[in-house]
Amino acid sequence: MVGWLSIEGTVIDYPVMYTPEDPEYYLHRAFDGSDAKSGCLFIGEDSGPDASNIIIYGHHMKDNTMFGTLVDYGDEAFLEEHPVIRFDTLYELREYEVVAAFYYDLDKDDFPYYQYTDLIDETVFDEYLDGLARYNVYGGDIDATYGDQLLTLSTCSYHTDNGRFVVVARRS
């Protein structure tokens, strides 16, 4: 466990796991390592708790556990009520402000958001923001500047066979 992710007023309030040698270890495992369909929230491949873009994955459970309610960010009214995401690490308390949310089709869309784990290079950072702006359900520019640490939350979405729903937040 490297931290805790929570969004006030939602059921999202879980530990975040990180196993860089086997990034998807907790995809179908509970906190104690036992088998679990719901898995745990986990930091994905090539990312980390102090990365420039921390990418956390979690299952979209039909009973609304894990990231089951993350898709509520598809509604701007929900964003207005829940603008802040907390990701507290073992060493510090952190808050992130949501700047984008989007639906994604792994089979059709051309913006591999999951590959943007290192945003140290300004050109790569700007490229990532351009991709976010193209897909952002809220429209408009993304309120982030080069050097900001980003938090990306990704879950399955049932809008298409191989769909994802993604929320991106900037560290406050």
> If we only count heavy atoms from C-beta on, is the Pro23 to Tyr25 side-chain gap below 4.5 Å?
Replying inline: no

> Does the salt bridge (Lys or Arg N to Asp or Glu O under 4.0 Å) test come out yes or no for Arg86 and Glu92, once each step is laid out?
Replying inline: CA-CA 11 Å; Arg86 290 192 59 100; Glu92 63 184 329; over 6 Å; no

> Distance from Met17 atom CE to Thr19 atom OG1, nearest 0.5 Å?
Replying inline: 8.0 Å

> Do Leu5 and Val71 belong to the same hydrophobic cluster, where Ile, Leu, Val, Met, Phe, Trp and Tyr are linked whenever their side-chain heavy atoms lie under 4.5 Å apart, directly or via other members?
Replying inline: yes

> When you measure from the side chain of Thr69 to the backbone N and O of Asp72, does any donor-acceptor pair fall under 3.5 Å?
Replying inline: no

> Counting only N and O atoms by type, is there a donor-acceptor contact under 3.5 Å from the side chain of Gln149 to the main-chain atoms of Ala51?
Replying inline: yes

> At their closest point, which heavy atom of His159 faces which heavy atom of Gly163, and how far apart are they?
Replying inline: CE1-CA, 3.7 Å

>> More than 12 heavy atoms of other residues, nucleotides or ligands under 6.0 Å from CG of Asp63: yes or no?
In response: yes

> Linking I/L/V/M/F/W/Y whenever their side-chain heavy atoms sit closer than 4.5 Å, directly or via other members, would Val167 and Val137 fall into one cluster?
Replying inline: yes

> Could you give the distance from CG (Leu132) to OG1 (Thr152), rounded to the nearest 0.5 Å?
Replying inline: 7.0 Å

> Of Asp13, Leu90, Thr89, Leu93, which meets side-chain contact (heavy atoms from CB on, under 4.5 Å) against Trp4?
Replying inline: Asp13

>> Quick check: do Leu150 and Arg171 have side-chain heavy atoms less than 4.5 Å from each other?
In response: no

> Distance from Ile56 atom CD1 to Leu41 atom CG, nearest 0.5 Å?
Replying inline: 7.0 Å

> Say you draw a straight line from CD of Glu80 to OH of Tyr138; how long is it, rounded to the nearest 0.5 Å?
Replying inline: 9.5 Å

> Are Arg29 and Cys40 side-chain neighbours, meaning at least one heavy-atom pair lies under 4.5 Å?
Replying inline: no

> Distance-only, no hydrogens or angles: does the Thr155 side chain make a donor-acceptor pair with backbone N or O of Gly58 under 3.5 Å?
Replying inline: yes

>> Ring centres under 6.0 Å, that's the criterion: do Tyr57 and Phe67 meet it?
In response: no

> Is a side-chain N or O of His59 found less than 3.5 angstrom from the main chain of Leu27, in a donor-acceptor match?
Replying inline: yes

>> Nearest 0.5 Å, please: how far is CG in Leu106 from OH in Tyr113?
In response: 6.0 Å

> Any side-chain donor-acceptor pair under 3.5 Å between Asn53 and Thr117?
Replying inline: no

> Would Val2 and Phe42 show up in the same hydrophobic cluster when neighbours are defined by side-chain heavy atoms closer than 4.5 Å?
Replying inline: no

>> If we ignore hydrogens and angles and just use 3.5 Å, is the side chain of Asn136 paired with the main-chain N or O of Ala101 as donor and acceptor?
In response: yes

>> Using the ring pair (Phe, Tyr, Trp, His ring centres under 6.0 Å) definition, which of the options Tyr158, Tyr73, Tyr103 pairs with Phe165?
In response: Tyr103

> At what distance, to the nearest 0.5 angstrom, does CG of Leu151 lie from CD1 of Ile85?
Replying inline: 5.5 Å

> Is there a side-chain contact between Ile54 and Phe87 (heavy atoms, below 4.5 Å)?
Replying inline: yes

> Which residue pairs pass the salt bridge (Lys or Arg N to Asp or Glu O under 4.0 Å) test when at least one of the two sits in residues 107-127, sequence neighbours left out?
Replying inline: Asp110-Arg134

> Between Tyr128 and Tyr116, what is the ring plane arrangement, given parallel below 30°, perpendicular above 60°, and tilted in between?
Replying inline: tilted

>> Does this structure show an ion pair linking Arg94 with Asp88, if we count only N-O contacts that are shorter than 4.0 Å?
In response: no

> Nearest heavy-atom pair of His60 and Cys156: which atoms, and what distance?
Replying inline: ND1-O, 2.9 Å

>> Would a single hydrophobic cluster contain both Val124 and Ile142, if residues Ile, Leu, Val, Met, Phe, Trp and Tyr are joined by side-chain heavy-atom contacts under 4.5 Å?
In response: yes

> Between Phe111 and Tyr104, what is the ring plane arrangement, given parallel below 30°, perpendicular above 60°, and tilted in between?
Replying inline: perpendicular

>> Quick one: does any side-chain atom of Arg170 pair with a main-chain N or O of Asp143 as donor and acceptor, under 3.5 Å?
In response: yes

> How far apart are the closest heavy atoms of Phe102 and Val168, and which atoms are they?
Replying inline: CE2-CG2, 4.3 Å

>> Between Tyr14 and Met66 (side chain of the first, backbone of the second, donor and acceptor by atom type, cut-off under 3.5 Å), is there such a pair?
In response: yes

> Backbone N or O of Ile120 within a donor-acceptor pair of the Tyr146 side chain at under 3.5 Å?
Replying inline: yes

> What pair of heavy atoms forms the shortest contact from Arg164 to Ser154, and how long is it?
Replying inline: CD-OG, 4.3 Å

> With distance as the sole test, does Ser47 use its side chain to make a donor-acceptor pair with the main-chain N or O of Gly44 at under 3.5 Å?
Replying inline: no

> Is there a side-chain contact between Ile43 and Pro49 (heavy atoms, below 4.5 Å)?
Replying inline: yes

> With hydrophobic residues grouped by side-chain heavy-atom distances under 4.5 Å, do Val16 and Ile12 end up in a single group?
Replying inline: yes

>> Once ring-ring contact (aromatic ring centres under 6.0 Å, His included) is applied, do any residues pair with Tyr91, and if so which ones, sequence neighbours excluded?
In response: none

